[in-house]
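The basis for the numbers below is simple: all heavy atoms, side chains too, and nothing from hydrogens, waters or symmetry mates.
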Amino acid sequence: MTWAKVPVFQLMSRLVLACLVIAMPLVAHAHEVQPAISNLAIADGAVTIDIEMALEAPLAGIDLDGLSNTNDAENAELYDTLRALGPAALEAELRAAWPALQRSITLMAGETPVEPQLDGVTVPEIGFVESARPSVLRLSGTLPDDGTPVVFGWDAALGPLVVRQQGVEAGYTGYLTGGRLSDPIPRGEAGHSAAEMAWTYLVAGFDHIIPKGLDHILFVLGLFFFALHWAPLLWQVTAFTLAHSVTLGLATLGVIAIPADWMWLVEALIALSITYVAVENVLRPAMGWLRPAVVFAFGLLHGLGFASVLGEFGLPQGQFVLALLAFNLGVEAGQLAVILAAFVVIVLARALAEIARLGDEEALVRDLPVIYRAVSIVGSLVIAAVGAYWFVERIGLLP
């Protein structure tokens, strides 16, 4: 049976079914693992550390090392149960588990181990249980009088950790994964060079796109799937970059402030933007002034999403502008990597079609525009399905 003989309804049903099968592994996005944020201050012979983290993961015994979504963990059901506990109940669980958690934390002054003490726990009220509920641990430790620098970190099973030194002009900032410990943090100025600081935030920006920014990846792919020519892609990417750079900068500077309780709406609208551009790729793939304008508007939303991540990561005093520019450059590098990878896949598919033994009726797939449009339509339908699912999920219509 050739494609020409397949009834239109049957062909469309097969295409939709294929898109749903492809999309299903992508929709479990709400339980994405986020790094813990620690603010470290050294003063008067002591160190204090405030750690903002989702307590439910370690309490459920989930190993976060290399895990991107808690739905994939063996103890995912227990994790969800802990999310529904009230603040007092979750704090009680934490205090009972503290001896084991304490052993997973490394705090040293030079070569001298420092025992971290749990001084307090702040657990927010139950909100939208499908979103992470970051609690705050207040730790402290007494340092020896030898003036040796402080080293901090934790086991890989507790997941990625951002360490930010507070109270100094050029404090240490680090993004730790795989159980890696911080660099030695002097009891004073950290002395980071501009290059080291820029690299830290460049990597953080790239990491927010690849591998953690699946929603932003799908949006950029939606732009790529609009047209094969470079001019439409350049117009769209430029509009998107300018827009998210504007809101990223304004939000980071505090000119725009979205309350944490309303970030769910920003995330929902981002999901809706993904669906819109993907549907337009299928129904109206014609370039005009409206497409860049719409992409620019959606870019403003994505910039707010970037700003929420950068706000958690923090910006160092004294190197604010450098860190902001480096983070934004990392985001752009991630987006360009997505576009380049997609283009390489299209080119490889055409190359394989060239060497495949295809019949005359299938010869058209050797033409780059034809194979691009086939991939872009299927890809756009997948993206639209995922974006629609996320939108419904993020506004709370799914259990």
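Using cut-offs of 30° and 60° for the angle between ring planes, the Phe224 and Phe343 rings count as perpendicular. In this structure, His302 and Phe219 have tilted ring planes: the angle between them lies in the 30° to 60° band. Ring geometry for Phe306 against His216 counts as tilted: the plane angle lies between 30° and 60°, on a 0 to 90° scale. Classification of the Trp262-Trp264 ring pair by plane angle, with boundaries at 30° and 60°, yields parallel.
Heavy atoms from other residues, nucleotides or ligands lying under 6.0 Å from CG of Asp145 number 12 at most.
Under the 4.5 Å side-chain criterion, counting only non-hydrogen atoms from C-beta, Phe226 is not in contact with Val295. Side chains of Leu218 and Trp390 form a contact here, defined as non-hydrogen atoms less than 4.5 Å apart. Under the 4.5 Å side-chain criterion, counting only non-hydrogen atoms from C-beta, Pro58 is in contact with Met53. Residues Leu161 and Ser38 meet the side-chain proximity criterion, which asks for heavy atoms closer than 4.5 Å. Residues Gln102 and Leu118 form no side-chain contact, since every pair of their non-hydrogen atoms from C-beta on lies 4.5 Å or further apart. Using a 4.5 Å heavy-atom cutoff, the side chains of Thr48 and Asp119 are not in contact.
Rounded to the nearest 0.5 angstrom, Glu56 CD and Ile62 CD1 are separated by 9.5 Å. One finds the CG atom of Asn39 at 9.5 Å from the CZ atom of Arg138 (value rounded to the nearest 0.5 Å).
Using a 4.5 Å cut-off between side-chain heavy atoms of Ile, Leu, Val, Met, Phe, Trp and Tyr, with links allowed through other members, Leu300 and Leu248 fall into different hydrophobic clusters.
Partners of Ala156 by side chain to side chain contact (heavy atoms under 4.5 Å, CB included), not counting sequence neighbours, listed by chain and number: Asp65.
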